[in-house]
Each structure stands twice: as C-alpha cells, then as structure tokens.
Amino acid sequence: MTSYEEEFLSTGQEARRLSIALLRFIQIDDPEWKNKYQKYLSLRFRPALSTLIREGDLTRIRALRSFAPVTESALNSFIDVAVQNQQEEILSFLMKLKKDRFGFHDREFTL
C-alpha cells in the first residue's frame with residue numbers, strides 16, 4: 001500500500017479523497033485498489049466528471065465513463081460545464097455521446 005492509499009483511507013476530507021481516486025484509478029495495477037477507486041468514483045460520479053472536465057483530462061473522462069453510467073440530465077449538466085470552461089474537445093466528446101445515447105429530441109436538424 002502506497003502513501004496515496006493510506007491517505008485515501010485515513011482522510012476525512014472528501015475533496016482530497018476524490019483527488020486521490022481521480023489520480024490513482026487508472027495508474028494503479030492492484031485489482032483490489034482499482035476496484036475500490038472505481039466504486040468510490042461511481043458513487044461520486046458528478047463531482048468526479050466535473051473535475052476532470054475543468055482539468056481538460058479527456059483520457060480520464062473516457063476511462064471513468066467506461067465503468068460509470070451517465071443519465072441524460074447529468075450529461076446535459078456536464079455539457080454545460082464543458083462550455084463554461086471552454087473545453088472544446090471534451091464538449092465534442094460529450095455531444096457525440098449525447099447523440100449516440102439519447103439523441104437530440106428538442107431540435108430538428110434536417111436540411
């Protein structure tokens with residue numbers, strides 16, 4: 001167990017736990033810890049994904065999205081966060097995800 005895992009277990013600060021989990025969930029090879037981080041992040045999905053959007057980390061967004069489902073309302077709020085933070089590449093990814101999963105029901109795009 002590294003100092004990150006020790007701190008993750010001992011800290012009472014949710015912001016610090018989230019930060020450690022976001023850093024370690026794709027770095028760690030230990031399946032037990034990988035599972036712990038993924039479980040924690042799936043429970044804290046909205047703040048986790050919002051943080052990654054603000055940081056512009058599309059690689060970790062894709063990794064997080066692979067094990068945590070997203071609802072349409074949550075996806076719309078993530079799109080807003082990407083727009084507010086001027087993260088065009090992430091916005092493009094989220095818009096494609098929305099199109100593929102839910103479609104655009106409130107708009108007509110015919111020519």
Side-chain angles (χ1 to χ4, degrees):
M1 182 175 356
T2 69
S3 61
Y4 285 116
E5 283 71 41
E6 289 173 5
E7 186 175 359
F8 181 80
L9 292 174
S10 66
T11 188
Q13 298 175 351
E14 283 302 313
R16 184 64 187 143
R17 286 178 60 111
L18 181 62
S19 176
I20 292 168
L22 286 173
L23 176 68
R24 299 288 290 165
F25 86 100
I26 63 172
Q27 289 180 344
I28 196 156
D29 293 326
D30 180 353
E32 181 182 340
W33 273 101
K34 186 176 273 301
N35 187 42
K36 283 182 184 183
Y37 287 135
Q38 287 179 353
K39 184 176 180 180
Y40 175 79
L41 290 172
S42 66
L43 295 173
R44 304 272 299 148
F45 183 70
R46 281 184 185 243
L49 199 61
S50 294
T51 299
L52 293 175
I53 291 169
R54 284 191 293 277
E55 292 175 357
D57 195 336
L58 185 56
T59 302
R60 289 177 198 253
I61 289 171
R62 286 186 171 137
L64 181 60
R65 237 304 279 134
S66 70
F67 65 84
V70 62
T71 64
E72 187 173 10
S73 64
L75 187 54
N76 288 333
S77 69
F78 297 139
I79 289 170
D80 291 341
V81 172
V83 168
Q84 291 168 357
N85 289 277
Q86 300 175 350
Q87 297 290 346
E88 290 84 11
E89 184 179 19
I90 294 170
L91 177 61
S92 176
F93 170 77
L94 295 173
M95 294 297 283
K96 182 174 180 344
L97 181 63
K98 180 175 177 163
K99 178 182 166 264
D100 293 347
R101 293 270 326 256
F102 306 107
F104 292 97
H105 307 290
D106 60 340
R107 306 246 184 335
E108 182 64 40
F109 292 109
T110 58
L111 295 175

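In this chain, numbering begins with 1 at the start of the sequence shown.
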Min side-chain heavy-atom separation [X]-[Y] under 4.5 Å:
X: I53; Y: L94; answer: yes
X: R60; Y: I26; answer: yes
X: R46; Y: T71; answer: yes
X: T2; Y: R24; answer: yes
X: W33; Y: K36; answer: yes
X: R17; Y: Y40; answer: yes
X: E14; Y: L18; answer: no
X: S92; Y: E89; answer: no

**Item:** Non-hydrogen atoms of F25 and A63 that approach each other most closely
**Value:** CE1-CB, 3.8 Å
**Prompt:** For F8 and Y37, what are the C-alpha separation, side-chain angles and deciding distance, and is it a ring pair (Phe, Tyr, Trp, His ring centres under 6.0 Å)?
**Reply:** CA-CA 9 Å; F8 181 80; Y37 287 135; 5.0 Å; yes
When rounded to the nearest 0.5 angstrom, what is the spacing between [atom1] in [X] and [atom2] in [Y]?
X: D80; Y: L75; atom1: CG; atom2: CG; value: 10.0 Å
X: L52; Y: R65; atom1: CG; atom2: CZ; value: 13.5 Å
X: K34; Y: Q27; atom1: NZ; atom2: CD; value: 9.5 Å
X: E55; Y: I90; atom1: CD; atom2: CD1; value: 9.5 Å
X: T11; Y: I20; atom1: OG1; atom2: CD1; value: 6.5 Å
X: S66; Y: Q38; atom1: OG; atom2: CD; value: 6.5 Å

**CZ/F93: more than 12 non-hydrogen atoms of other groups inside 6.0 Å** = yes
**Prompt:** Please walk me through it: do V81 and Q87 pass side chain to side chain contact (heavy atoms under 4.5 Å, CB included)?
**Reply:** CA-CA 9 Å; V81 172; Q87 297 290 346; over 6 Å; no
**From CA spacing to verdict: ring pair (Phe, Tyr, Trp, His ring centres under 6.0 Å), F78, F45** = CA-CA 11 Å; F78 297 139; F45 183 70; 5.7 Å; yes
**Item:** CA sep, side-chain torsions, deciding dist, call: V70, L97, side chain to side chain contact (heavy atoms under 4.5 Å, CB included)
**Value:** CA-CA 10 Å; V70 62; L97 181 63; 4.2 Å; yes
